[in-house]
Amino acid sequence: MHIVKGSCHILTQIFNKALTPTLVGALLCLLPVAGAQAQLRFIPQDTAVVFTPPSPTAGGERAALKEAMRVWRQSPGSLEGATAAARLAFLTAMHEGDPRWLGNARAMLQPWWEAKGLPAEAFFIRSLVRQGLHDFDGGLADLDAAIGQEPERPEFWAWRFAIHLVRAEIDPARQACSAIGSRFGEREALGCAAVLLYRTGDPRGAIRLLDKMAGHPDGQGRYALEWLTFHRGEARRVAGEAEAARRLWRSYLNSGPQPHVIRLALVELLNDQKDFAAAWQLNQSLPRSDALLVQAIRSARALGRLEADPLLKEFQQRVAQQEARGDTINERPLIGYHLLIRGDAAVALDMAQKSWLTQREPADAALYAEAALRSGKPNAAAEVLLWRSQTGYKEASLDLLLDQLSLQTDTKDRP
């Protein structure tokens with residue numbers, strides 16, 4: 001695989017709830033080797049694109065993935081070939097919201113899954129797969145090993161930031177962001193600084209910074225625009241400017257590109273606002289990720305569409321297939337299914353509690369709190385109130401939910 005030096009391709013999984021449920025703000029910096037020229041490494045550069053995550057129409061990218069897998073199958077004992085193929089499988093999982101590709105990546109790296117003396121690139125790719133499988137401790141350990149060998153690769157630090165943010169470890173996330181600025185220049189750290197702002201209670205500060213970044217030359221390429229569009233919209237949504245978020249995301253999708261992260265964010269927002277017809281219309285591209293399928297069921301049921309039952313059966317079949325394979329990483333869509341569609345708050349609460357052990361993002365907090373309230377067990381989610389006080393996160397709709405939780409929680413269980 002050809003590597004473009006001097007660049008770092010960073011993609012988002014922020015709202016890819018179907019996979020790592022979220023890195024909801026997390027960043028994927030997937031091209032190695034930091035160069036001498038200064039640029040905003042925290043947003044992707046078109047000149048750095050070695051492999052575009054495949055889409056249903058991206059024949060060239062599909063061919064690249066197919067070729068990488070062919071090479072791996074021919075020489076499964078080649079660490080270099082396995083690492084290259086696992087990288088592309090991971091990217092496919094991110095882009096399509098399909099966790100089955102994580103299983104492929106895991107299988108490719110199986111001979112080295114517990115190995116200690118790997119090169120930095122192999123540690124890095126294994127770290128990505130580990131976090132995708134919700135082994136965040138293992139992912140961080142692999143990142144530490146990679147950084148120990150090649151500390152000047154910005155993607156390692158960007159991923160350290162992302163993993164800490166998913167776990168709501170704000171101080172370590174700040175430290176990783178600071179390291180990006182001190183090692184690669186303060187301008188390089190603008191992206192993580194902006195994300196931290198809206199994840200710690202200052203969405204309007206994030207909006208100002210992200211809008212400024214959008215005017216920079218480094219922010220004009222396709223992948224940079226995708227990253228910035230998602231975050232500019234998300235910061236507005238968090239700030240209570242849902243209509244502005246809708247316009248921004250809709251405008252980007254109307255321009256041609258259809259990234260999963262932005263489609264999912266907009267479809268979910270439309271459903272939450274009870275604009276089910278608009279959500280349904282936007283959610284017609286096939287195949288749907290698990291997260292988009294759950295949203296399609298929500299829309300179809302609310303609209304009384306005949307498609308609701310077939311869609312529900314499709315999701316149930318997917319769940320059965322995942323259970324047969326032993327997949328247990330797709331929590332958010334499944335929690336949403338039990339909570340919002342089946343109306344089984346007790347099952348949703350049990351799943352939300354287990355999910356909270358590894359990932360603590362705003363979307364996780366909302367599901368956890370709502371499941372506790374609907375099941376009549378508010379004390380079960382008291383730790384979400386502590387999360388709010390520790391992170392400083394502010395979002396009107398979530399604040400209303402957590403205020404309700406606080407009122408129903410025993411005083412002794414409150415932070």
Side-chain angles (χ1 to χ4, degrees), residues 15 17-18 21-22 24 134 166-168 201 237-238 240 242 267-276 279 290-291 293-304 308-309 311-313 315-316 318-320 322-323 328-415:
F15 247 97
K17 301 174 186 173
T22 273
V24 170
H134 289 189
V166 169
R167 289 155 52 120
R237 187 194 67 80
V238 172
V267 167
E268 185 171 34
L269 176 58
L270 292 169
N271 271 337
D272 289 345
Q273 293 184 315
K274 302 188 184 308
D275 192 348
F276 300 112
D290 287 358
L293 182 54
V294 168
Q295 296 302 320
I297 297 169
R298 288 182 67 192
S299 303
R301 278 193 161 187
L303 294 170
D309 285 343
L311 288 171
L312 180 58
K313 290 180 181 178
F315 186 80
Q316 290 170 337
R318 290 191 190 184
V319 172
Q322 290 167 8
E323 290 176 347
T328 58
I329 64 170
N330 212 7
E331 284 99 340
R332 271 189 207 153
L334 196 53
I335 295 171
Y337 161 72
H338 285 293
L339 183 64
L340 304 175
I341 296 172
R342 283 195 63 208
D344 194 336
V347 171
L349 177 59
D350 181 65
M351 294 186 66
Q353 286 177 315
K354 293 175 181 175
S355 178
W356 192 256
L357 297 175
T358 57
Q359 58 194 41
R360 301 184 174 192
E361 299 188 276
D364 302 303
L367 286 170
Y368 194 2
E370 188 163 354
L373 287 168
R374 290 195 185 194
S375 64
K377 298 179 179 179
N379 291 349
E383 57 189 331
V384 178
L385 301 175
L386 180 61
W387 167 87
R388 178 169 64 171
S389 66
Q390 290 176 337
T391 64
Y393 184 76
K394 297 181 185 300
E395 177 189 333
S397 59
L398 183 56
D399 282 342
L400 288 173
L401 185 65
L402 296 189
D403 287 345
Q404 184 180 358
L405 183 71
S406 180
L407 289 173
Q408 297 185 34
T409 302
D410 290 342
T411 304
K412 63 182 177 59
D413 291 323
R414 296 178 192 171

Please evaluate residues E370 and L340 with respect to the criterion side chain to side chain contact (heavy atoms under 4.5 Å, CB included), reporting the C-alpha separation (whole Å), side-chain torsions for both, the decisive distance (0.1 Å), and the verdict. CA-CA 10 Å; E370 188 163 354; L340 304 175; 4.2 Å; yes
With side chains defined as the heavy atoms from C-beta onward, is the minimum distance between [X] and [Y] less than 4.5 Å?
X    : Y    : answer
L312 : R342 : no
F276 : N271 : yes
Y393 : R388 : no
L334 : F315 : yes

Given 3.5 Å as the limit, does a donor-acceptor pair link the side chain of R301 with the main chain of I341, or not? yes
Rounded distance (nearest 0.5 Å) linking atom [atom1] of [X] with atom [atom2] of [Y]:
X    : Y    : atom1 : atom2 : answer
L357 : R167 : CG    : CZ    : 11.0 Å
D364 : Q359 : CG    : CD    : 4.5 Å
L405 : N379 : CG    : CG    : 8.5 Å
Q273 : S397 : CD    : OG    : 10.0 Å
L386 : R360 : CG    : CZ    : 8.5 Å
L385 : L402 : CG    : CG    : 6.0 Å

Before accepting this row, confirm whether a basic side-chain N of the pair D272/R298 lies closer than 4.0 Å to the acidic partner's carboxylate O.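 The answer is yes: the pair qualifies as a salt bridge.
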Is any NZ, NE, NH1 or NH2 atom of the basic residue among D350 and K354 found under 4.0 Å from an Asp or Glu carboxylate oxygen of the other? yes
What closest approach, in Å, do [X] and [Y] show between heavy atoms, and which atom pair accounts for it?
X    : Y    : result
L311 : A300 : CD1-CB, 4.2 Å
T409 : P378 : OG1-O, 3.8 Å
D399 : K394 : OD2-CA, 4.0 Å
S375 : A372 : OG-O, 3.1 Å
P333 : V294 : O-CG2, 3.6 Å
L269 : A242 : CD2-O, 3.8 Å

Classify the ring geometry between W387 and W356 as parallel (under 30°), tilted (30 to 60°) or perpendicular (over 60°).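 Plane angle over 60°, so perpendicular.
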